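First comes the structure, then the notes that go with it.
Bear in mind that the values here come from a model prediction, so they are computed numbers and not experimental data. Atoms considered below: every heavy atom in the structure, side chains included; atoms not considered: hydrogens, waters and symmetry mates.
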Number of protein chains: 2
Amino acid sequence: MKTIEQLLESKNIRVTAMRLLIYKFLAKKKVAVTLSDIENAFAKADRTTLYRTIKTFEEKVIVHQIDDGTGITKYALCEEGCNCDIKNDLHLHFHCNNCNETTCLTDHKIPQIKVPDGFVSENVNLVVKGICDKCSG
Amino acid sequence: MKTIEQLLESKNIRVTAMRLLIYKFLAKKKVAVTLSDIENAFAKADRTTLYRTIKTFEEKVIVHQIDDGTGITKYALCEEGCNCDIKNDLHLHFHCNNCNETTCLTDHKIPQIKVPDGFVSENVNLVVKGICDKCSG
DNA sequence: TAGTAAGTGCAATGGAAGTGCATTTGTTAT
DNA sequence: ATAACAAATGCACTTCCATTGCACTTACTA
């Protein structure tokens with residue numbers, strides 16, 4: 001079990017107080033968060049710092065970006081077994097039309113998609129929308 | 001073979017010069033277009049008009065909206081057999097990472113996606129990214 | 001411990017989406 | 001045909017999120 005510090009160092013990211021806090025925040029959340037969510041959680045910190053921290057995490061494949069169709073980009077920690085690189089998230093996401101939360105369904109792999117001749121598939125973005133487990137209960 | 005006028009009338013949309021032009025523009029294009037694309041094509045017309053025209057078309061299920069992950073919403077004509085309603089496009093889309101164009105793969109249906117217990121799937125957004133036929137040639 | 005590279009905060013910009021209101025155009029009933 | 005009404009269009013403006021430039025501070029390194 002790596003500490004967060006070790007994780008960051010292993011990816012050549014300098015350990016700072018801010019980054020640890022943001023990492024912990026993301027880890028605590030089970031769902032994908034927007035930049036505003038982070039901003040609200042750390043009202044004292046500047047928006048730019050949060051933005052750039054997330055971008056750094058993204059580059060170093062600590063978080064992945066999710067476009068769930070709300071028009072606002074969300075972010076979630078890459079899981080242990082998450083082999084998404086910068087451009088590819090290989091699992092699917094679920095967006096709840098009720099509570100507006102987006103969840104990573106890490107262990108649900110995206111089925112192989114056939115594309116027409118001449119098209120080369122590099123990666124796939126798949127968002128399922130509906131009602132999540134908390135809201136359907 | 002319906003004329004465009006007949007098509008619009010059948011959906012209770014008033015036929016105007018602008019709407020005919022925009023429809024023809026969409027029909028000529030094989031790929032999904034952004035509002036800016038339309039704006040550039042009709043420089044004399046006001047952006048608001050184009051915006052509201054597209055929104056009208058969308059409501060009346062003449063075009064469908066596509067979120068291809070670029071952050072900019074695109075629009076494409078619903079095909080003859082396209083049974084997408086306002087909220088659901090049932091086919092998948094291909095986004096070319098090279099030319100940045102998004103194509104409807106109308107005859108490629110989205111496979112059934114399994115979601116965990118408690119989750120209710122209402123619709124699915126699936127965008128395949130890669131290299132399109134024009135760019136891979 | 002000085003010097004440098006990276007991180008942070010403030011201010012400002014840009015792009016796309018959306019809205020209010022006045023004006024014009026089209027439709028309908030007399 | 002034309003008056004009266006409804007819908008469409010154009011202009012101006014606003015909002016929201018994403019992004020960048022620059023100054024300042026903090027952290028690593030020789």
Side-chain angles (χ1 to χ4, degrees), chain A residues 4-25 32-60 62-76 86 95 100 102, chain B residues 4-25 32-60 62-76 86 95 100 102:
Chain A
I4 303 174
E5 285 88 343
Q6 286 169 339
L7 172 66
L8 295 183
E9 276 164 8
S10 75
K11 305 237 182 187
N12 284 315
I13 304 175
R14 268 194 206 171
V15 177
T16 68
M18 207 62 246
R19 287 175 178 173
L20 289 174
L21 285 172
I22 294 177
Y23 188 97
K24 282 175 193 159
F25 176 74
V33 299
T34 65
L35 198 55
S36 300
D37 291 336
I38 305 176
E39 209 182 333
N40 293 335
F42 300 99
K44 336 118 199 190
D46 187 75
R47 187 186 160 75
T48 313
T49 304
L50 305 173
Y51 174 73
R52 286 201 257 241
T53 301
I54 280 290
K55 286 293 165 195
T56 304
F57 282 3
E58 206 186 334
E59 268 172 36
K60 300 305 174 74
I62 289 184
V63 304
H64 61 270
Q65 200 177 350
I66 302 161
D67 175 13
D68 63 5
T70 55
I72 303 162
T73 49
K74 296 185 177 176
Y75 304 90
I86 299 175
H95 177 75
N100 212 33
T102 298
Chain B
I4 304 174
E5 284 87 343
Q6 286 169 340
L7 172 66
L8 294 183
E9 276 163 8
S10 76
K11 305 237 180 187
N12 283 315
I13 303 176
R14 267 196 206 171
V15 178
T16 69
M18 205 63 247
R19 288 175 176 174
L20 289 173
L21 285 172
I22 294 177
Y23 189 97
K24 282 176 194 158
F25 175 74
V33 300
T34 65
L35 199 55
S36 300
D37 291 336
I38 305 176
E39 208 180 333
N40 292 335
F42 301 98
K44 335 120 199 186
D46 187 74
R47 218 182 56 77
T48 312
T49 305
L50 305 174
Y51 173 74
R52 285 200 256 240
T53 301
I54 281 289
K55 285 293 162 195
T56 303
F57 281 4
E58 205 186 335
E59 267 172 37
K60 300 304 174 77
I62 289 184
V63 303
H64 60 270
Q65 201 177 349
I66 302 161
D67 175 12
D68 63 6
T70 55
I72 303 162
T73 47
K74 296 185 177 177
Y75 304 90
I86 298 175
H95 176 75
N100 211 32
T102 298

With rounding to the nearest 0.5 angstrom, report the [atom1] to [atom2] distance, [X] to [Y].
X     : Y     : atom1 : atom2 : value
B:H64 : B:Y75 : NE2   : OH    : 12.0 Å
A:I54 : A:L50 : CD1   : CG    : 8.0 Å
A:F57 : A:I22 : CZ    : CD1   : 6.0 Å
B:D67 : B:I72 : CG    : CD1   : 10.5 Å
B:K55 : B:Q65 : NZ    : CD    : 4.5 Å
B:I13 : B:K11 : CD1   : NZ    : 7.5 Å

Under 3.5 Å, is there a donor-acceptor pair between the side chain of B:N40 and the main chain of B:S36?
yes
Check: A:R14 main-chain N/O paired with A:R19 side-chain donor or acceptor under 3.5 Å
yes
Which of A:T34, A:T70, A:V33, A:I66 passes side-chain contact (heavy atoms from CB on, under 4.5 Å) with A:T102? It is A:I66
[atom1] of [X] versus [atom2] of [N]: gap in Å, rounded?
X     : N      : atom1 : atom2 : value
B:I38 : C:dA16 : CD1   : C1'   : 14 Å
B:K74 : C:dA16 : NZ    : P     : 12 Å
A:I72 : C:dG18 : CD1   : C1'   : 14 Å
A:E59 : C:dA6  : CD    : C1'   : 13 Å

Identify the 5'-most and 3'-most nucleotides of DNA chain D with at least one atom closer than 4.0 Å to a non-hydrogen atom of chain B.
D:dA7 to D:dA12
Got a sec? Which of residues 9-22 of chain B come in under 4.0 Å of DNA chain C, heavy atoms?
B:R14
Residues from residues 45-53 of chain B sitting under 4.0 Å of DNA chain C, heavy atoms only?
B:R47, B:T48, B:Y51, B:R52
Quick check on C:dG18: is either OP1 or OP2 less than 4.0 Å from any side-chain nitrogen or oxygen of B:K55?
yes
Sub-6.0 Å ring centroid separation between A:F25 and A:F42
yes
Could you check whether B:T34 gets within reach of a base, just the sugar-phosphate, or nothing at all, counting any heavy atom under 4.0 Å?
nothing
Using a 4.0 Å heavy-atom cut-off across all strands, classify A:T73 as base, sugar-phosphate, or nothing.
sugar-phosphate
Any luck finding a side-chain donor-acceptor pair between A:T49 and A:D46 under 3.5 Å?
no
